[in-house]
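Have a look at the structure below before the remarks.
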Amino acid sequence: MGKRSHESGDPKPSKKSKSDKPKSDKSEKASKSKKTEDEKKATYTEHDALAQLPQSEIDAFLTEHVIKVTDPSTDAPNFRPLLSFDHLPECDADVLAHLKAFPKPTPIQSTTWPLLFSGRDVIGIAETGSGKTLGFGLPCLKKLLDSKPSKNPCQPRAVIISPTRELAMQIYDQLVKFGKNEKTQVTCIYGGVGKDEQRHALKKAAIVVATPGRLKDLMNDGSIDLGKVNYLVLDEADRMLDKGFEQDIKDIVKPMPSSRRQTVMFTATWPRSVRDLAATFMKTPVTVTIGGDPSADPRANLRIKQDVQVVDPREKEGKLIQLLSKSQRGQSPEKVLVFCLYKKEAVRIENLIRHKGFKVAGIHGDLGQAERFRNLDAFKSGHATVLVATDVAARGLDIPNVMLVINVTFPLTVEDYVHRIGRTGRAGANGHAITFFTETDKGLSGGLINVLKAAKQDVPDALMKFGTTVKKKQHDTYGAFFKDVDMNAKSTKITFDD
Ligand SMILES: Nc1ncnc2c1ncn2[C@@H]1O[C@H](COP(=O)(O)OP(=O)(O)OP(=O)(O)O)[C@@H](O)[C@H]1O
């Protein structure tokens, strides 16, 4: 793939970059090597067709999608969002061919791609199901395709960290589909399965998609060296930075070079409690938010119809079966995802649903990894039309045609609620979520009411009665129920429920 730089004679970015400033003779020599490094990083130039669009068209796009770009750097160039795949810089033909299956970039892709191509650290916040995976994935592939291949084994150039094994596999699948080149050799490492095959695959991997626990294990036994990583992604970044994973992430980032590393964080929710910590891993990151400012409350995807039913806990099972009876009727039953909070609860609900004659599968942390993958596949393929899950399935999973999400028990945070319901209504589709809310959950009523109001959904009176105060998020417990534990690791560390 050919490189295009600011010096190539293409239209200039709207602000001058540091390297364009005149330099004294004395500093010329020193700056030359620095400049070369900078040039290597800043290889993005706007496409002619994009540069020639009237500003009004760009402004209309930014307004329509409520796009906000916050850049703390005063001398970095401003880039226009890419309104079409034709506005991409020169790109590998294979990658381009796959992209063209989609009509155009999603707003988070349009806005973050130029920043990522130019080497900036980026925090990208956009609703669930809005194409964030390719948002960070395409620049990752391009960066590798544009660089010299690595000679040393076990030294990947890019690391993508995901909170669950299933999500790691999904990211891996997407990258493999788009990047079939030697230079973009991808491998996926996660707990719950043997290490030998993973160790072997790491020898050649340029991109490693990983869950944190297994990545740390393989770092500690010398199977992987992160000293050459120049592209780091934390997907579901707020989850990765919460207490459940914070120390793992610090340990993983430590050996990575900080000056040459581009750090990227993507998520649909960005609570205040993780922002200071995020800043410690990044260099003057640009924050891109799609759909408004996420400061106050997490925002749900607006195409999801949200019904909240305040119920007595004893009514839950009967109501659940009633709902399933409706959705599972007829020749083609709808795909329904049922969330529980605890593993034991998930097992009980799954058994109940099976007993009623519905085609159900389950996914939670007490199952072996092979069974987790098998059950998820059964749901994806439609062999099971109901999946009962804990929050291990709340984030990131892109399962086609989930028509309804039912929350049998409310999650521990309103952020988790937004992610859970985000398993429906993806990639522009509409979705539906029904949530049972009981008096036990009343501490979260204020946050939930704000989510409902922001999405212009009905707020039941019975929910309002629980109060509208928003409690500060409990950082300590946020990740504790969720952490994906390596079942093969010796039990020297605390194991968390999920
Ligand atoms: N440009 C595009 N146009 C249409 N669909 C797209 C585009 N890019 C990606 N998609 C599809 O949109 C779906 C959702 O994408 P993805 O899983 O990346 O969402 P996400 O924003 O990461 O969601 P979550 O917040 O739940 O993790 C996927 O099926 C993906 O293939």
Side-chain angles (χ1 to χ4, degrees), residues 61 65 67 81-88 91 95-113 116 122-141 160-179 209 233-240 264-271 288-291 294 298-304 335 337 339 376 380 389 391-402 405 411 415-431 433 482:
F61 177 82
H65 298 287
I67 296 174
L82 311 182
L83 303 194
S84 136
F85 293 125
D86 296 336
H87 297 158
L88 279 168
C91 224
V95 172
L96 213 51
H98 283 296
L99 277 179
K100 296 236 162 137
F102 301 127
K104 58 180 184 214
T106 64
I108 189 74
Q109 295 166 354
S110 295
T111 319
T112 55
W113 277 344
L116 290 170
V122 171
I123 297 167
I125 305 154
E127 67 181 17
T128 50
S130 61
K132 293 188 288 293
T133 314
L134 271 181
F136 62 74
L138 179 74
C140 175
L141 294 170
I160 297 167
I161 308 183
S162 137
T164 64
R165 301 160 188 174
E166 288 78 10
L167 181 54
M169 269 310 282
Q170 184 181 296
I171 297 167
Y172 165 84
D173 286 340
Q174 279 242 17
L175 292 174
V176 168
K177 188 167 128 195
F178 278 80
V209 187
V233 180
L234 301 190
D235 191 19
E236 306 297 341
D238 54 328
R239 172 66 76 207
M240 302 311 314
V264 186
M265 301 199 184
F266 274 60
T267 180
T269 50
W270 196 230
V288 173
T289 59
I290 312 292
R299 276 189 330 270
N301 173 333
L302 298 180
R303 290 179 314 279
I304 303 168
K335 266 191 208 173
L337 183 48
F339 277 107
L376 184 59
K380 279 186 182 164
D391 283 291
V392 77
R395 286 187 176 239
L397 294 188
D398 187 54
I399 304 163
N401 307 319
V402 174
V405 169
E415 280 82 4
D416 288 334
Y417 168 76
V418 166
H419 288 276
R420 279 184 180 186
I421 67 168
R423 296 319 97 209
T424 178
R426 299 179 69 75
N430 291 330
F482 182 82

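In each ligand, atom 1 is the first atom listed, and ligand 1 is the first ligand listed.
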N/O separation below 3.5 Å, Thr128 to ligand 1: no

Decide yes or no on side-chain contact (heavy atoms from CB on, under 4.5 Å) for Phe136 and Thr112, but give the supporting numbers first. CA-CA 8 Å; Phe136 62 74; Thr112 55; over 6 Å; no

Tell me whether ligand 1 is touched by Lys104 - counting only heavy atoms on the residue side and a distance under 4.0 Å. yes

List the closest protein heavy-atom neighbour of atom 8 (N) of ligand 1: residue, atom name, distance to the nearest 0.1 Å. Gln109 NE2, 2.9 Å

Does ligand 1 have a heavy atom under 4.0 Å from the side chain of Arg426, from its backbone, from both, or from neither? side chain

Quick test: of every protein heavy atom, which one is nearest to atom 12 (O) of ligand 1, and how far off is it to 0.1 Å? Ala427 CB, 3.4 Å

Thr106 side chain to Ser130 main-chain N or O, any donor-acceptor pair under 3.5 Å? yes

Is it the case that over 12 heavy atoms from other parts of the model lie below 6.0 angstrom from the NZ atom of Lys380? yes

Which protein non-hydrogen atom lies closest to atom 18 (O) of ligand 1, naming both residue and atom, and how far is it? Thr133 OG1, 2.7 Å

Considering heavy atoms of the protein only, find what lies nearest to atom 4 (C) of ligand 1 and give residue, atom and distance to 0.1 Å. Phe102 CD2, 3.4 Å

Should the pair Asp398-Lys132 be classified as a salt bridge under the 4.0 Å nitrogen-to-oxygen rule? no

Under 4.0 Å, heavy atoms only, figure out whether ligand 1 is touched by the backbone of Asp398, its side chain, both or neither. side chain

Please step through salt bridge (Lys or Arg N to Asp or Glu O under 4.0 Å) for the pair Lys100 and Asp86, ending with a clear verdict. CA-CA 10 Å; Lys100 296 236 162 137; Asp86 296 336; 3.3 Å; yes

Look at atom 21 (O) of ligand 1 and find which of Lys132, Arg395, Arg420, Gln170 reaches it with the closest heavy atom. Lys132

Using non-hydrogen atoms of the residue, decide whether Arg423 is closer than 4.0 angstrom to ligand 1. yes

Distance (rounded to the nearest 0.5 Å) between Asp238 CG and Ile123 CD1: 11.0 Å

For Ile160, which of Val264, Thr133, Leu175 qualifies under side chain to side chain contact (heavy atoms under 4.5 Å, CB included)? Leu175

Could you give the distance from CD1 (Ile421) to CZ (Arg423), rounded to the nearest 0.5 Å? 10.0 Å

Is it the case that ligand 1 has an N or O less than 3.5 angstrom from some N or O of Pro103? no

Please report the closest heavy-atom contact between Asn301 and Thr128, naming both atoms and the distance. ND2-O, 3.5 Å

Ligand 1 versus Glu127: contacting region, heavy-atom distance under 4.0 Å: backbone

Taking C-beta and beyond as the side chain, do Thr269 and Arg395 meet within less than 4.5 Å on heavy atoms? yes

Closest non-hydrogen protein atom to atom 30 (C) of ligand 1, residue and atom name please, with distance? Gln174 NE2, 4.0 Å

Ser130-ligand 1 polar pair, N/O distance under 3.5 Å: yes

N/O to N/O below 3.5 Å, does that happen between Gly131 and ligand 1? yes

Residue Thr106 vicinity, atoms of ligand 1 by number, heavy atom under 4.0 Å: 1 (N), 2 (C), 3 (N), 7 (C)

Quick check on contacts: which atoms of ligand 1 are under 4.0 angstrom from a heavy atom of Glu236? 27 (O)

Inter-residue atom distance Leu397.CG - Gln170.CD, 0.5 Å rounding: 5.5 Å

Among all the protein's non-hydrogen atoms, which is closest to atom 23 (O) of ligand 1, and how far away is it? Gly129 N, 2.8 Å

